[in-house]
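Read the numbers this way: they start at 1 and go in the same order the structure lists the ligands and their atoms. Everything numeric here is computed off the predicted structure, so don't read it as measured data.
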Amino acid sequence: MRHVFVEVLVLISLVILELSYAFAPISSYQWVVSYSQRFILGGNKQVIVINDMFPGPILNATANDIIVVNIFNNLPEPFLMTWNGLQLRKNSWQDGVRGTNCPILPGTNWTYRFQVKDQIGSYFYFPTLLLQKAAGGYGAIRIYPPELVPVPFPKPDEEYDILIGDWFYLDHTVMRASLDAGHSLPNPDGILFNGRGPEETFFAFEPGKTYRLRISNVGLKTCLNFRIQDHDMLLVETEGTYVQKRVYSSLDIHVGQSYSILVTAKTDPVGIYRSYYIFATARFTDSYLGGIALIRYPGSPLDPVGQGPLAPALQDFGSSVEQALSIRMDLNVGAARSNPQGSYHYGRINVTRTIILHNDVMLSSGKLRYTINGVSFVYPETPLKLVDHFQLNDTIIPGMFPVYPSNKTPTLGTSVVDIHYKDFIHIVFQNPLFGLESYHIDGYNFFVVGYGFGAWSESKKAGYNLVDAVSRSTVQVYPYSWTAILIAMDNQGMWNVRSQKAEQWYLGQELYMRVKGEGEEDPSTIPVRDENPIPGNVIRCGKVR
Ligand SMILES: *[C@@H]1O[C@H](CO)[C@@H](O)[C@H](O)[C@H]1NC(C)=O
Ligand SMILES: *[C@@H]1O[C@H](CO)[C@@H](O)[C@H](O)[C@H]1NC(C)=O
Ligand SMILES: *[C@@H]1O[C@H](CO)[C@@H](O)[C@H](O)[C@H]1NC(C)=O
Ligand SMILES: *[C@@H]1O[C@H](CO)[C@@H](O)[C@H](O)[C@H]1NC(C)=O
């Protein structure tokens, strides 16, 4: 009897799920991707534009909406787009990385279609193939909460999207050739604000109004320190998580990270206003490199006065770690759902597995490569998601990838980690190198429970934040340091884990997690496969052509 009851309940909830999909509003886009010559930082460069725009158009939707993006590839190169930070529930088919999709070939189009489930926040999209991100092709994503879900701050009067990132004069094809030859990328030539050079981008402020600035670091390798002259920055959101509100005078934004801040415009009793600087300066580099945008008030003279806030010392890691630890989840509010975030006590869930991911460098035939646990990722001719779907058994070798560092000679390989659906996993990113790291996991947010200097060991767990750690999708790992995360594996699919730094990613510092249910062997164990079916318009290539 009870069995039947449960089945009926399951059936009803399935019907409700289906209905919520069937009636979800659709945000529809037609994007034409092409090259365009643009004059940037005093030089001409071939830039990737979307509908002739650089950065591309804003992608905005409300949580639970369906997003449909029909992309026409007018580049002479294959193309794929990823939605950095969107969880694409049960739908890694739409992820737009090389392990999940065959490329959209030149002169053809392909339609992405996915639902944004239970997620709000600020993100960005970017091209994933062939180092095309170095030529642009990126844009901002905003996901609004549903009407009835409370937001833990008054509605801002206006919102601005701010995409900051390092920029290189070199054409992306030249930069790519240099990586292919086993060389590092050069130092960047400048920092852009929304695709423009110093003092070319401005944001109009009206006295007394409050603005939400959605800021993402869309660059290839440079951590940027963001600050505004004479205005407080109230941090409110980090990659979809509302955080405990705190005022910062400067904010480190690592490659691939996104933040929302609230800024209140000044009011002057006699109505005389000046303009103000916004800075994004390189952090943890040898030399100064900065981008500048402006805030302008009605009638304010073009040029700001004064210097603006000072940047933290270039190599001051201590203050950066301190800031990272101060960014915490607001336990009193829900994000996309009306249940409070704090009702989910991640710190009380038993960890089912620990994985240690240790990055390093190697030489392969004399060329620079980057590794995780001694394996530098190489792509098979067929995307892993298709390999898995069509059961091409010779490509993914279960257990090939060591989930702990080993002393074996580094190799090239196609690293896929099999993960049980509903596991609760502890991952430690261990960075033994001098360079700063930034890691991203597609399809997931995770709790950042600890940062530490040196080698990680079991005893470090005692210092973890098991109460209000921030939940996000991109996290930094400091030089000679580790970062620990906890992640609930509740999203089936083939998901990319990567260095967000373009050079490291391009040269092999990545892997895929294959998150699967138990299969059909024992239907009583609920977690059977519940991914979306293969899309009707799937592109075929490689062995499944
Ligand atoms: C997206 O932005 C456009 C233009 O600003 C606006 O008209 C539209 O209502 C927004 N859509 C959603 C779902 O917020
Ligand atoms: C390509 O665009 C056409 C016209 O908009 C559309 O009908 C078709 O479904 C698109 N093709 C794919 C594979 O998405
Ligand atoms: C977690 O593990 C402990 C010790 O093994 C066990 O007593 C407890 O029941 C587990 N909790 C859950 C929620 O599984
Ligand atoms: C791969 O292995 C599965 C399970 O062992 C089998 O059912 C399937 O036919 C194999 N596929 C190929 C292409 O050999």
[atom] - nearest protein heavy atom and its distance:
atom: atom 5 (O) of ligand 2; value: Asn70 ND2, 3.2 Å
atom: atom 14 (O) of ligand 2; value: Thr111 OG1, 2.6 Å
atom: atom 3 (C) of ligand 2; value: Asn109 ND2, 3.7 Å

So does Phe202 have more than 12 non-hydrogen atoms from other groups sitting under 6.0 Å from CZ?
no

Would you tell me whether Gln504 and Ser499 have side-chain atoms, one donor and one acceptor, within less than 3.5 Å of each other?
no

Any side-chain donor near an acceptor of the partner, Ser122 and Glu239, under 3.5 Å
no

Salt-bridged, Asp166 to Lys221, with N to O below 4.0 Å?
no

ring-ring contact (aromatic ring centres under 6.0 Å, His included) assessment of Tyr259 paired with Phe226:
CA-CA 11 Å; Tyr259 288 100; Phe226 185 93; 9.6 Å; no

Given the protein's heavy atoms, is any one of them under 4.0 Å from atom 7 (O) of ligand 2?
no

Rounding to 0.5 Å, atoms OG1 (Thr474) and CD1 (Ile253) come to a distance of 12.0 Å

Counting only nitrogen or oxygen atoms and a 3.5 angstrom limit, does Gln30 reach ligand 2?
no

Against heavy atoms of Asn537, which atoms of ligand 2 measure under 4.0 Å?
14 (O)

With heavy-atom distances below 4.0 Å as the criterion, list the atoms of ligand 2 near Trp110.
12 (C), 13 (C), 14 (O)

